[in-house]
Amino acid sequence: MRLTEFFMPTLKENPNEAQIVSHRFMLRAGMIRQSSAGIYSWLPLGHRVLKKIEQIVREEQDRAGAQELLMPTIQPAEIWRESGRYDDYGKEMLRITDRHDRDMLYGPTNEELITEIFRDSVRSYRDLPKMLYHIQWKFRDEVRPRFGIMRGREFLMKDCYSFDLDYDGARRAYNRMFVAYLRTFQRLGLKAIPMAADPGPIGGDMSHEFMILAETGESEVACHINLLDLDIDLMGLDPKGDMQSTVDSLTSYYAATDEKRDPAIEAGLGDDLTVARGIEVGHIFYFGTKYSVAMNAYVNNEKGDKVAIEMGSYGIGVSRLVGGIIEASHDDDGIIWPEAVAPFDAGIINLRSGDEKCDAASEEIYLKLGNAGKDALIDDRDQRGGVKFADMDLIGLPWQIIVGPRGLENGVVELKSRASGEREEMSIDAALNKLTGSVG
Ligand code: 5CA
């Protein structure tokens, strides 16, 4: 992609409305644009990151054995009346009336809809277990939408639902998602700590929130310091195996979100306690038969008895993660994207656009990176070097290749790592080699 063609409306000034660093950088880098309070458009740079995160989330859900489907954003009120949540949900639910005067709503979550789909199609224990998920926009008319896409009114969520015959099955599904979440966040370059949580309006009696620690987190959380750098080999685990021992070892340490904190335990921990602020990037729930009983979702078991399906639900804040990653990975100059979610793999800074040699070298690097499957952004604007450096640092691509007339005379370009700030002069081939593992 060429910067002269790319739609990336950056801002020079810090926007007044942005109170936290992720919101500020997302607006300045032209990743998002506010449409109304808590509702955003995703511009191309932001959209690329959102899609990359979504894809990693999807791969880990698939790997855990969940199947993707897509439910609508608009739901009928009827099923929420069945579960009893139509009134409970209060003002957070955006209620809509269609032309036939039917009560509809913009879904804040999908327990009812998935339970309806499931009960209408499944009769026998042979159809269990199942895990179904989708990645879809949700709407919650939050009292205080803030921090940009971190607490939006419209936001993208991955929500998965598990269906099992009994408690043991449901527990296996919960554990599998628990580990899939840790893997997902690890691949996103994040350290997310599972913490005992309050299930809130979703209900149920077992729930964990996955928190990334950051000063700008919305809530105060506390945990045993050992959780801060626990090193468990998640990648080697059988994704569909029994995860109980892994989950047990992770939950054996004290870790609690604000509603679940226990002053007595915390006093006992002494220096082993860390209190910090956290951003909730995922939340998993086991709620047994809460929805299946209310909505009549039963199957026949092996003996022919009718039993209510055991369920759980598992959410990841996909759009919130974009902000969460920036909160966890930035410096004063801008974003530092982990490679897995960077909007482009590398930026090519052509220090003298219009100069035949600089243009040719930049093009060569761009083409060869593309041939090797790497996505690059060339800054081919007619701008001063300082502007180009600042913008490239702001948008945070992991690598910068700086092409200038003086370097080219000596047959070299500069390769800069955004994370470490280290710059190294090398030949074009050596730079390509370093980024792709082979000369294009
Ligand atoms: N049905 C369950 C799980 S599928 C559910 O709705 N859980 S939740 O309420 O905890 O939401 C799941 C995740 O969505 C949260 O962990 C959070 O990361 C994200 N999320 C929730 N509200 C917002 C919001 N207003 N803006 C951005 N992300 C949000």
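Given the structure is predicted, the values throughout are model-derived calculations rather than measurements. Both counts, for ligands and for their atoms, begin at 1 and track the order of listing.
- Given atom 4 (S) of ligand 1, the protein heavy atom at minimum distance is D159 CB, 3.2 Å.
- Taking atom 26 (N) of ligand 1 as the reference point, the nearest protein heavy-atom neighbour is G152 N, 3.1 Å.
- Atom numbering of ligand 1 starts at 1 in the shown order; those under 4.0 Å from a heavy atom of H283 are 10 (O), 16 (O).
- Ring geometry, Y181 versus F210: the interplanar angle falls from 30° to 60°, so the pair is classed tilted.
- Of the listed options E92, R140, E111, R320, R140 places a heavy atom closest to atom 8 (S) of ligand 1.
- Between F139 and Y106, the ring planes are tilted. Angles from 30° to 60° get that label.
- Those atoms of ligand 1 with a heavy atom of T109 less than 4.0 angstrom away are 1 (N), 2 (C), 6 (O).
- The closest approach between any non-hydrogen atom of M150 and ligand 1 is below 4.0 Å.
- The protein heavy-atom contact nearest to atom 11 (O) of ligand 1 is M157 CE, 3.5 Å.
- Not close to ligand 1: S319, with no non-hydrogen atom less than 4.0 angstrom away.
- Below 30°, between 30° and 60°, or above 60°: for Y174 and F178 the angle between ring planes is between 30° and 60°, a tilted geometry.
- Between D159 and K138, at least one side-chain N (NZ, or NE/NH1/NH2) sits under 4.0 Å from a carboxylate O, which counts as a salt bridge.
- Classified by interplanar angle (parallel below 30°, tilted 30° to 60°, perpendicular above 60°), the ring pair H23/Y40 is perpendicular.
- Under a 4.0 Å criterion applied to the non-hydrogen atoms of G282, ligand 1 contributes the atoms 16 (O).
- Within the structure, ligand 1 lacks I284 among the residues with a heavy atom less than 4.0 angstrom away.
- Checked by distance only, ligand 1 and K158 stay at 3.5 Å or farther apart across all their nitrogen or oxygen atoms.
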**OP:** Please report the C-alpha distance between R171 and D166 in whole Å, then the side-chain angles of each, then the deciding distance to 0.1 Å, and finally whether the salt bridge (Lys or Arg N to Asp or Glu O under 4.0 Å) criterion is met.
**Re:** CA-CA 9 Å; R171 179 81 214 200; D166 51 27; over 6 Å; no
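- Close approach of ligand 1 to G317 (heavy-atom distance below 4.0 Å) involves ligand atoms 13 (C), 14 (O), 18 (O), 19 (C).
- Between R146 and E218 a salt bridge is recorded (basic side-chain N to carboxylate O distance below 4.0 Å).
- Here atom 2 (C) of ligand 1 lies nearest to F285 when heavy atoms of F285, F155, F139 are compared.
- The shortest N/O to N/O separation between P108 and ligand 1 does not fall below 3.5 Å.
- Judged purely by atom type and a 3.5 angstrom limit, H134 has no side-chain atom pairing as donor or acceptor with the backbone of Q136.
- In summary, the atoms of ligand 1 found under 4.0 Å from a heavy atom of I149, numbered by their order in the structure, are 27 (C).
- Atom 16 (O) of ligand 1 has its nearest heavy-atom neighbour, among E280, H134, M211, in E280.
- Checking only distances, Y314 never comes within under 3.5 Å of ligand 1, N or O to N or O.
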**OP:** May I have the step-by-step check of side-chain contact (heavy atoms from CB on, under 4.5 Å) for L188 and I53, ending in yes or no?
**Re:** CA-CA 7 Å; L188 294 172; I53 296 175; 4.2 Å; yes
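- In this pair, Y167 and Y286 present their aromatic rings perpendicular. The plane angle is above 60°, beyond the 30 to 60° band.
- A side-chain contact (heavy atoms from CB on, under 4.5 Å) with I32 is found for one member of L45, L27, L50, V322 and no other, namely L27.
- Residue V281 touches ligand 1 through its backbone alone, judged by heavy-atom distances below 4.0 Å.
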